Every structure is written in structure tokens, then in C-alpha cells.
Amino acid sequence: MAEIAAGRIHVVDDDESVRHSLKFLLRLYGFEVDLHASCQDFAATYDGGRSCLLLDQHMPGMTGVEFVEGHRALLRDVPVLMMSANMEPETRDRAARAGVACFFDKPVDTGRLVDELHRLLATAA
């Protein structure tokens, strides 16, 4: 197993199999990973620290972009990466305006995801 990277990745997705697959994958690359089934779960348990948020767009109750727009104070120092199996250009533009750092189509390109996480955590230092 790789050496643990500085920082933590918070994975928010309503699909349990996606959450656990991403945790397994990211831990292989040395990341610490916390899993959240909803945006509300993440907001209730987030305790600060150097981290990135990997957020699904399409979830019941609140979309990823709605969460980012409504929680700017909570996310001010947290780079946000958004993923979706089907994200319309308008939603992508709206998320970018809200501060989302980058976007991934599902299934997520592992190499690109790991590179972006390393880059974002390095700039958050």
C-alpha cells in the first residue's frame, strides 16, 4: 500500500457501490478517504482540515451544485471536484461559477482523478 498522502478525500455519492469502489481505489494511491451518502451527511460531519471533496451531481434531496452554491462558507478552503454520468453543459457552467475545480464523467478516469487530487492538495497546503 502506498504511503498515506497529506490530506483527506471526502467522497459524497448516494450510490454505496460507487462510494466503496472510490474508497478502495483512492486508498491504493495513498489517500485517506471518508465516505458520505449525502451532502447533508458531509456537512454534518466535516471537521475542517486539509482535504478535497469529490461530489456526485445527481443525488436525491440536493444536487451537488446546489450544495456547493448553498455552502460556500463551509467549502471556502475545500477544493471541490464534481462527477456525474450525465452532466449538462449548463450545469457544468453553473458549478464552475460556484467554484468547482474540475469535473469527471462517470466512470471516472483514475489517472486524471489522482493527478487532480494531488495537484489540488498541493495548492491547498
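Note: hydrogens, waters and symmetry copies are ignored here, and every other heavy atom, side chains too, is used. The structure displayed is predicted, hence computed values, not measured ones.
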Could you pull out all donor-acceptor pairs under 3.5 Å where a side-chain atom in residues 73-83 meets a protein atom, sequence neighbours excluded?
unit_1	atom_1	unit_2	atom_2	d
R76	NH1	A73	O	3.0

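When side chains are defined from C-beta on, Q57 counts as touching V65, because their heavy atoms get closer than 4.5 Å. Between L54 and L113, some side-chain heavy-atom pair lies under the 4.5 Å cut-off. Looking at F31 and L121, their side chains come closer than 4.5 Å, going by heavy atoms from C-beta outward. Counting heavy atoms from C-beta outward, P60 and D14 have side chains that approach closer than 4.5 Å. Considering only heavy atoms from C-beta on, H10 comes within 4.5 Å of H36 through its side chain. Considering only heavy atoms from C-beta on, Y29 comes within 4.5 Å of L25 through its side chain.
How far CZ of F103 is from OG of S84: 10.5 Å, rounded to the nearest 0.5 Å. In this structure, CG in N86 is found 5.5 Å from NE2 in H58, a value given to the nearest 0.5 Å.
A search for side-chain hydrogen bond (donor to acceptor under 3.5 Å, both in side chains) contacts involving D105 returns R92, not counting sequence neighbours. Residues satisfying the side-chain hydrogen bond (donor to acceptor under 3.5 Å, both in side chains) test with E88, not counting sequence neighbours, are T91. The side-chain hydrogen bond (donor to acceptor under 3.5 Å, both in side chains) search around D15 returns S17, not counting sequence neighbours. Remark: H20 pairs with no residue by the side-chain hydrogen bond (donor to acceptor under 3.5 Å, both in side chains) rule, at least two apart or across chains.
For R94 and E69, the salt-bridge test passes: some basic side-chain N is under 4.0 Å from an acidic carboxylate O.
The ring of H71 has its center no closer than 6.0 angstrom to the ring center of F42.
Within the structure, the salt bridge (Lys or Arg N to Asp or Glu O under 4.0 Å) test picks out the following pairs touching residues 106-117 (sequence neighbours left out): D13-K106, D56-K106, E116-R119.
Hydrophobic clustering, with ILVMFWY side chains joined whenever heavy atoms are under 4.5 angstrom apart, groups V68 together with M87.
The backbone N or O of I9 sits nowhere less than 3.5 Å from a side-chain atom of E32 that would complete a donor-acceptor pair.
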